[in-house]
Amino acid sequence: IPAPVEKLERGYVMYGDDNAYGLYLQDLYEGSAVHHGLCNGIADMAYGEGPVAITPDVELKSRLEQMVRKMNTTDRGRWTVKKSFRDLKIYGRFYWHVVQRVDGGGVAEVHHLPFNMVRAGEKNEMGNVETWYVSNDWQQFQKKENEPKPYPSWRQGIPSGILAVDLFPSDDYYPNPDYIGGVYWIAVDMEVGHFHLSNIENSFQGGYHIHHSNGIPSAEQREELRRTYERELSGPANSGGIILTWSEGQDRATELTPLGTSDLDKQFQFVSEEATKKIMIAHRVVTPALFGIREGAGLGNNAEELETGMELLTENVLKGYRQAMTWALEYVYGAPFMISTGAEVDGETQDTATLEAQAALKGSVGGVGGVISILQTVGTGQMSPSSAVVVLQELYGFDKDTAERTIYGEGGAGVELSGCGCPTHLSEDKPVLPEGVDVDLCQHFASVGEPEAEILEDYRLIDEEDV
C-alpha cells in the first residue's frame, strides 16, 4: 500500500513515492463500494441546500448569493461548492482558482481545481506555501502539454491565485483525509470485490494442474505452452488459474487434474463484514442506516436511532466540513456565510429566518442590550419581525408568546411598533421597547439567571461604593 510521503523535486513537492498518492486515494474512492457511498453521502449531507449569505444588508446579500450561484452554474466552475465538499472528503483539501475583477473591486470568478492537478511549492521561512503548481497530468509532467504552471497563493488584491482549504490543520504540505486510519480496510474491501469478480468470470470453478511426464522443455517452449493453455482453458466460461509442471518419467501421458474450490467465499464474507465495520469507524459513522447499510436482522430504520445518529454525524463530522467551506467563502467574499440545511420551522426555512438576525447580533452586547439591538434592526427594516421572533426563541430561549410580545407589543403578531427604534427617535415619549415588554424581559432574564445571594456566597467583599 502506498504511503503519503512528501519529496521536494524541481521546486515543487511530490505527493507519494511516485507522486501518485492522490491517485491512490482516488482509486480507493472508485474501488470500494462502502467507501464510495460514505464519501458521496457525507459530502452531499455537508452541502445541504448550499451556502447562504447571512448579512442583513439586502442588496449585499442578493449580490453575494448571485456570485455563489455563478460558482455553481458557469461552464468552467460548474458545481464548484459541491465538488469542493467531495474533495474535502476524499483528500482532506480542496483548491479554488480565484480571479479578481479587473477594476480591483472584488472577486470576479471562483473555479474548482481537481485535487490531483495541484502540487505545493516549497514553504517560506514562515512555513507558508507561496506558490502552487498546476499540471494536467503529474504522471507525465515532463511533456510540454503537461508542464507545471506556477500560481501564487491567493489573497485580496492580487489578480488571480490559488486558495487551498484543509479540513484539519497540518504542518505537512498535504493533509491526510479524515478516514486515513481506515485506508487498509478500504483496500481490503476492494480486494474482496476483486475476488468475487474473479469467481464470476471463472464460473465459480477452480483451476487446473497439468503435469507433463515427457521431459522438461526449454523456457521458450514452456512459455508457448502456458499461453496456449490459458487461451483454451481460461476466461469467463472456463477455469481460472493453471499450474503447469514437467518431469522426466517413464509414463509419457499428460495428467490433467481439476482444482476444486474451497470455503474461501465464507472467509471472504467474514472479512467483508469486518471491513465494512472498520470503514464506518474510520468515517466516524455510528448509524449505518443513514447511508442505507443495514446491520442485523432488523430493518435498521428506528426513527429515534436515526435522529440520534444524524445529530452525532452533524456535530462530529458535518460541522467541520461546513466550517471549512464557510471560512473559504467569507475569506473570498468578505462576508459571513452559512450552509443551509433546509430545516422547516413554522412554514419557513429556519436557516433563512435566523441567519439575518444572527448577523445583526454580531458584535452586539448580550442580555437586554442584545434584544434592544434586534428591535432596532427590525425598526429600521434591516430584519423582518418574523426573523426577530425566531432569533429570540433560538438564541435567548424565549417562548413564542414572549418573543412575539417583545417584537410586536401587547397585541401580538400583526401590531406595528410605536417607534422605529433608531437613534434619531430614541426619546422618553417613544421608548425602544413596546409597552409591557420591559417587565417580560426582566422576568425572563431573572428566570434563567442565578440569585445574587447564591453567587456572592463564594466571594469575599473587598470594597464597595455608591455610583
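The structure presented is a predicted model; accordingly, all values stated were derived computationally and were not measured.
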Inter-residue atom distance M190.CE - S32.OG, 0.5 Å rounding: 7.5 Å
Result of checking I162, L113, T80, V165 against W96 for side chain to side chain contact (heavy atoms under 4.5 Å, CB included): T80
Heavy atoms from other residues, nucleotides or ligands near CG of D103 exceed 12 (cutoff 6.0 Å): yes
Lys/Arg cation over aromatic Y173: K123, 6.0 Å, 45° cone: yes
Atom pair CG (L167) and OH (Y91), whose distance is rounded to the nearest 0.5 Å: 15.0 Å
Ring centroid separation W132 to Y95 under 6.0 Å: yes
Test of ring centre spacing under 6.0 Å for W138 and Y15: no
Approximate separation, where rounding is to 0.5 Å, of L38 CG and M280 CE: 4.5 Å
Heavy-atom check, side chain of P4 versus side chain of N176, under 4.5 Å: yes
Distance-minimising heavy-atom pair for Y174 and R93: CD2-NH1, 3.7 Å
Short side-chain donor-acceptor distance under 3.5 Å, W154 and S160: no
T314, L313, N40 screened by side chain to side chain contact (heavy atoms under 4.5 Å, CB included) with M45, the one that passes: L313
Flag side-chain contact, heavy atom, 4.5 Å: Q156 against Y331: no
Residues M67, V107; criterion side chain to side chain contact (heavy atoms under 4.5 Å, CB included); working and verdict: CA-CA 9 Å; M67 290 179 179; V107 172; 5.7 Å; no
Pair H97 and Y151, ring centroids less than 6.0 Å apart: yes
V13 side chain reached by K7 side chain, heavy atoms, under 4.5 Å: no
Side chain to side chain contact (heavy atoms under 4.5 Å, CB included) assessment of V98 paired with H111: CA-CA 7 Å; V98 185; H111 304 291; over 6 Å; no
Spatial distance of atom CD (E315) from atom CE (M310) [nearest 0.5 Å]: 12.0 Å
Distance-minimising heavy-atom pair for A46 and I339: O-CG2, 3.3 Å
Sidechain N-carboxylate O distance under 4.0 Å for E59, R63: no
Ring-face cation contact, W79 with K83, 6.0 Å cut, 45° max: no
Ion pair check, R284 and D178, cut-off under 4.0 Å: yes
Plane angle bin for F85 and Y47 - parallel if under 30°, tilted between 30 and 60°, otherwise perpendicular: perpendicular
Main-chain N/O of N19 paired to Q139 side chain as donor or acceptor, under 3.5 Å: yes
Option passing side chain to side chain contact (heavy atoms under 4.5 Å, CB included) with I279 (candidates V183, V188, D189): D189
Any D172 side-chain heavy atom under 4.5 Å of E6 side chain: yes
Modelled atom types, side-chain donor and acceptor of Q26 and N116, under 3.5 Å: yes
Over all atoms of both residues, closest heavy-atom pair of F141 and S135: CB-OG, 4.1 Å
Nearest atoms (heavy-atom pairs only) where Y12 meets P148: OH-CG, 3.7 Å
Steps toward salt bridge (Lys or Arg N to Asp or Glu O under 4.0 Å) verdict (K277, E273): CA-CA 6 Å; K277 293 177 183 177; E273 292 172 354; over 6 Å; no
Beyond-backbone contact of S84 with R86, side-chain heavy atoms, under 4.5 angstrom: no
E109 (side chain) donor-acceptor with R101 (main chain) under 3.5 angstrom: no
Separation of D18 CG from Y24 OH (nearest 0.5 Å): 13.5 Å
Donor-acceptor contact present, side-chain T326 to main-chain R322, <3.5 Å: yes
V110 side chain near Y333 side chain, heavy-atom distance below 4.5 Å: yes
Between H35 and H283, ring centroids under 6.0 Å: yes
Shortest non-hydrogen contact between S153 and I158, atoms and distance: O-CD1, 3.5 Å
Heavy-atom closest pair, residues M325 and F94: CE-CE2, 3.9 Å
Check against side chain to side chain contact (heavy atoms under 4.5 Å, CB included), T287 and E305: CA-CA 8 Å; T287 308; E305 178 189 349; 3.9 Å; yes
Donor-acceptor side-chain pairing of E130 and N124 below 3.5 angstrom: yes
Q142 atom CD, neighbour heavy-atom count above 12 within 6.0 Å: yes
Atom pair CE/CZ of M14 and R119 - distance to nearest 0.5 Å: 8.0 Å
P152 side chain near T131 side chain, heavy-atom distance below 4.5 Å: no
Stepwise side chain to side chain contact (heavy atoms under 4.5 Å, CB included) check, F337 with I54: CA-CA 6 Å; F337 281 81; I54 58 177; over 6 Å; no
